[in-house]
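Positions are given from 1, in the same order as the sequence printed here.
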Amino acid sequence: MERLFIRFATLTAKVAGKPWTFILCLAVVLTWAVTGPLFGFSETWQLVINTGTTIVTFLMVFLIQNTQNRDGAAMQAKLDELIFAVNKADERFIGIEHLTERELDLILEEVEKRGQEVHAGLPARPIRGRGAGRAQEPLASHPAKPGETLASKSR
């Protein structure tokens, strides 16, 4: 069931993002608007577009959110792997998507300050906080335990 929903959500998100889908929706709205005088701009005429757009919007929110959640999780996993693989990278960045907005803002401030210093010709420095240690052996040599994450394994 989950795989079927994922395929449906992914296909729906792809179709919804196509120019022809927008043109089709625009044509439906224009057709509805043009038929207004024909139906005397009645309440039923208005109810048709209101109900149709509400239903489509309601369902699309869940389908597109599912696709974005999976894309975001895949992106985070890829970024975490790149951080882990680069020797000079600060592995404290692995898993930071789970921090609070305030914690992320503080990290962003530090990273931007470091970037400005590098652009000014100063040597790169680590961000504030305790030093990050590098894992001594590749993760592949240590099978994952149930419930263990990449972030918890690399620390």
Side-chain angles (χ1 to χ4, degrees), residues 1-30 32 47-155:
M1 178 70 172
E2 186 176 359
R3 290 249 180 241
L4 181 62
F5 179 75
I6 287 171
R7 283 201 319 254
F8 180 71
T10 302
L11 178 64
T12 302
K14 284 181 182 177
V15 170
K18 300 285 185 191
W20 286 109
T21 306
F22 174 78
I23 292 169
L24 175 66
C25 290
L26 182 62
V28 168
V29 170
L30 290 175
W32 169 81
L47 188 62
V48 167
I49 197 72
N50 289 339
T51 303
T53 56
T54 300
I55 290 169
V56 169
T57 302
F58 180 75
L59 296 175
M60 289 297 288
V61 164
F62 297 104
L63 293 174
I64 292 173
Q65 187 63 51
N66 174 271
T67 302
Q68 287 182 338
N69 288 347
R70 286 183 293 106
D71 288 350
M75 182 74 71
Q76 289 302 322
K78 291 173 184 179
L79 289 171
D80 287 351
E81 179 61 18
L82 287 172
I83 291 168
F84 183 77
V86 176
N87 287 334
K88 289 187 178 184
D90 189 339
E91 70 180 20
R92 290 178 295 172
F93 281 91
I94 294 175
I96 67 170
E97 68 274 11
H98 301 292
L99 297 177
T100 66
E101 192 169 340
R102 178 70 185 133
E103 291 168 325
L104 287 171
D105 287 344
L106 292 172
I107 290 171
L108 182 60
E109 273 180 41
E110 282 294 315
V111 170
E112 287 175 348
K113 186 185 296 182
R114 181 175 58 182
Q116 290 170 348
E117 291 170 359
V118 168
H119 286 297
L122 299 172
R125 61 168 176 78
I127 64 169
R128 282 187 227 155
R130 66 177 176 78
R134 300 297 307 165
Q136 298 303 315
E137 298 178 54
L139 288 179
S141 65
H142 299 288
K145 297 176 185 129
E148 187 173 44
T149 65
L150 178 61
S152 65
K153 191 173 210 177
S154 66
R155 303 240 183 259

Enquirer: Under the side chain to side chain contact (heavy atoms under 4.5 Å, CB included) criterion, do Glu101 and Asp105 qualify, and how do the steps go?
Expert: CA-CA 6 Å; Glu101 192 169 340; Asp105 287 344; 4.2 Å; yes
Enquirer: Measuring from Thr10:OG1 to Phe8:CZ, what's the distance to the nearest 0.5 Å?
Expert: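 If I round to the nearest 0.5 Å, the distance is 10.5 Å.
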Enquirer: Are Gln65 and Asn69 close enough, and set up right, to give a side chain to side chain donor-acceptor pair (under 3.5 Å), and what steps lead you there?
Expert: CA-CA 6 Å; Gln65 187 63 51; Asn69 288 347; 2.7 Å; yes
Enquirer: Can you tell me how far apart CD1 (Ile23) and CG (Leu30) are? Round to the nearest 0.5 Å.
Expert: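 The distance works out to 11.5 Å.
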Enquirer: Let me confirm one number: the CG-CG distance from Leu11 to Leu63, rounded to the nearest 0.5 Å.
Expert: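 Between Leu11 CG and Leu63 CG, I get 10.0 Å after rounding to 0.5 Å.
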Enquirer: Answer yes or no: does atom CE of Met60 have more than 12 heavy-atom neighbours from other residues, nucleotides or ligands under 6.0 Å?
Expert: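 More than 12 heavy atoms, drawn from other residues, nucleotides or ligands, come within 6.0 Å of this atom.
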Enquirer: Rounded to the nearest 0.5 Å, what separates atom CD1 in Ile107 from atom CD1 in Ile96?
Expert: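 The CD1 atom of Ile96 is 4.5 Å from CD1 of Ile107, to the nearest 0.5 Å.
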Enquirer: Can you tell me if CZ on Phe5 sees more than 12 non-hydrogen neighbours from other groups inside 6.0 Å?
Expert: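 More than 12 within 6.0 Å, yes.
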Enquirer: Quick one: CZ on Arg114 to CG on Leu122, what's the gap to the nearest 0.5 Å?
Expert: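 CG of Leu122 is found 13.0 Å from CZ of Arg114.
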Enquirer: Show the nearest heavy-atom pair for residues Phe93 and Asp80, with the distance to one decimal.
Expert: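 What the structure gives for the nearest pair is O-OD1, 4.3 Å.
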Enquirer: Where is the tightest heavy-atom contact between Ile83 and Glu91, given as atom of each residue plus distance?
Expert: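 Scanning both residues completely, I find the closest heavy atoms to be CG2-CA, 3.8 Å.
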Enquirer: Do Leu108 and Glu112 touch side chain to side chain, with heavy atoms closer than 4.5 Å?
Expert: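 Yes, their side chains come closer than 4.5 Å.
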Enquirer: Taking the side chain from Thr21 and the backbone from Gly17, do they hold a donor-acceptor pair closer than 3.5 Å?
Expert: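 Side chain of Thr21 to backbone of Gly17: no pair is present.
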Enquirer: Would you give the length of the straight line joining atom CD of Gln76 to atom CD1 of Ile94, rounded to the nearest 0.5 angstrom?
Expert: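 Going from CD on Gln76 over to CD1 on Ile94, the span is 11.0 Å.
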Enquirer: Say whether, by atom type as modelled, one donor and one acceptor occur between the side chain of Thr53 and the main chain of Asn50 under 3.5 angstrom.
Expert: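 Judged by distance alone, yes, a pair lies under 3.5 Å.
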